[in-house]
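Notes follow the structure.
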Amino acid sequence: MASALRTVRRIAASVLGVGESRVWIDPERLEQVETAVTREDVKRLIKEGVIIKLPPATPSRGRWRIKRLQVKKGRRRGPGRRKGPRIEEKELWIRKVRAQRGYLKYLHEKGLIDSKLYRKLRNQVKGGVFRSVSSLRAHLKEIGVLKEGGVSG
C-alpha cells in the first residue's frame with residue numbers, strides 16, 4: 001500500500017502548501033493514513049496531528065563559520081590591493097558633473113536662469129564643456145547671466 005501513502009503525501013503537500021519532503025506522517029498511525037482517500041480525509045488527519053508540516057531546512061553555515069575562524073583575512077578589497085590610479089577617472093567625472101548639475105539646479109531654483117538656458121547648460125555639462133563649477137560660473141558671467149560679484153552655490 002505504498003502507493004496510497006505516496007498519494008496521501010502528495011495531497012497533504014498540496015493542502016499545506018509545501019513540498020512533499022516537508023510533509024511528516026506519523027509512522028505509528030500509517031494504517032489510518034492509508035485509508036484516507038479524499039482531500040477532506042487528509043485535512044482531518046492534519047487537524048488530528050497525524051500529518052504535520054515540517055519547518056523549512058536551511059543550509060548549515062557551520063562550514064563557512066569554521067573557514068572564517070581559521071582564516072580571519074576578510075575580503076581583501078582595500079586600497080593596497082587595487083591596481084590603477086588612486087582615484088578612478090570615472091569617479092572624478094561623476095563628482096565633477098554632479099557638482100556642476102547641483103550648481104545649475106541651485107541657479108534654476110533661485111530664478112537666476114530660465115528653463116531653456118538651464119536645459120542648454122545641463123546638456124553642455126553632460127557633454128563635458130566645462131572643466132569645473134568655476135569654469136561654468138565664468139561662462140555664465142561671460143554671457144551676462146551672473147554679475148561680477150557672483151553667486152556661490
Side-chain angles (χ1 to χ4, degrees), residues 5-26 33 36 38-153:
L5 201 62
R6 200 175 301 131
T7 307
V8 170
R9 182 180 293 278
R10 183 181 51 75
I11 294 169
S14 172
V15 168
L16 292 169
V18 295
E20 290 179 33
S21 62
R22 280 185 58 195
V23 174
W24 180 82
I25 299 171
D26 190 355
V33 173
T38 63
R39 287 175 79 88
E40 280 70 35
D41 294 339
V42 173
K43 285 177 186 175
R44 183 178 42 78
L45 290 171
I46 291 167
K47 202 170 188 179
E48 289 174 12
V50 179
I51 298 173
I52 296 173
K53 174 169 69 169
L54 292 172
T58 54
S60 171
R61 288 189 52 82
R63 288 182 303 281
W64 174 249
R65 266 194 207 99
I66 290 167
K67 185 178 173 187
R68 297 290 291 153
L69 284 171
Q70 287 172 348
V71 178
K72 285 188 181 174
K73 286 182 181 172
R75 290 176 64 198
R76 297 181 162 192
R77 288 170 56 94
R81 282 260 163 184
R82 296 179 196 159
K83 290 180 169 57
R86 286 177 65 193
I87 303 171
E88 285 185 26
E89 293 296 318
K90 184 177 178 180
E91 282 180 27
L92 278 172
W93 169 260
I94 289 169
R95 284 185 206 163
K96 190 167 67 172
V97 167
R98 283 181 182 171
Q100 291 174 25
R101 285 177 179 167
Y103 183 63
L104 283 176
K105 185 179 177 187
Y106 167 79
L107 292 175
H108 186 60
E109 285 172 354
K110 288 284 183 186
L112 296 168
I113 56 173
D114 62 337
S115 295
K116 194 172 179 181
L117 181 61
Y118 170 76
R119 185 52 50 198
K120 183 182 172 189
L121 289 170
R122 198 175 153 91
N123 282 333
Q124 286 181 338
V125 165
K126 183 180 179 181
V129 173
F130 310 109
R131 274 202 213 139
S132 61
V133 174
S134 59
S135 64
L136 172 60
R137 199 177 291 133
H139 173 74
L140 289 170
K141 284 177 188 169
E142 197 177 293
I143 62 172
V145 175
L146 295 181
K147 296 181 191 86
E148 281 303 312
V151 180
S152 60

I'd like to check [X] versus [Y] (side-chain heavy atoms, cut-off strictly below 4.5 Å). Are they in contact?
X    : Y    : result
I51  : V8   : yes
Y103 : L140 : yes
K120 : K116 : no
R101 : K126 : yes
V97  : Q100 : no

Rounded to the nearest 0.5 Å, what separation is found between the [atom1] atom of [X] and the [atom2] atom of [Y]?
X    : Y    : atom1 : atom2 : answer
L45  : I11  : CG    : CD1   : 10.5 Å
R131 : L136 : CZ    : CG    : 13.5 Å
I25  : I46  : CD1   : CD1   : 9.5 Å
L121 : I143 : CG    : CD1   : 6.0 Å
R119 : D114 : CZ    : CG    : 12.0 Å
K105 : Y118 : NZ    : OH    : 7.0 Å

### Message
Looking at K53, I'd like to know if its NZ atom is crowded, meaning that more than 12 non-hydrogen atoms belonging to other residues, nucleotides or ligands lie closer than 6.0 Å.
### Response
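12 or below, so no.
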### Query
Taking it one step at a time, do V18 and L54 satisfy side chain to side chain contact (heavy atoms under 4.5 Å, CB included)?
CA-CA 9 Å; V18 295; L54 292 172; over 6 Å; no
For [X] and [Y], which heavy atoms make the closest approach, and how far apart are they?
X    : Y    : value
R10  : E20  : CG-OE2, 3.7 Å
V145 : L112 : CG1-O, 3.7 Å
R9   : V23  : NH1-O, 2.6 Å

### Query
Going by the angle between their ring planes, with limits at 30° and 60°, are H139 and F130 parallel, tilted or perpendicular?
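Rings of H139 and F130: tilted, 30 to 60°.
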### Task
Indicate yes or no: does R44 engage E48 in a salt bridge with an N to O separation below 4.0 Å.
yes
### Task
Name all residues meeting the side chain to side chain donor-acceptor pair (under 3.5 Å) criterion together with T38; count only those two or more places apart in sequence or in a different chain, and write none if there are none.
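Residues passing side chain to side chain donor-acceptor pair (under 3.5 Å) with T38: D41.
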### Partner set under side chain to side chain donor-acceptor pair (under 3.5 Å) for S134, not counting sequence neighbours
S132
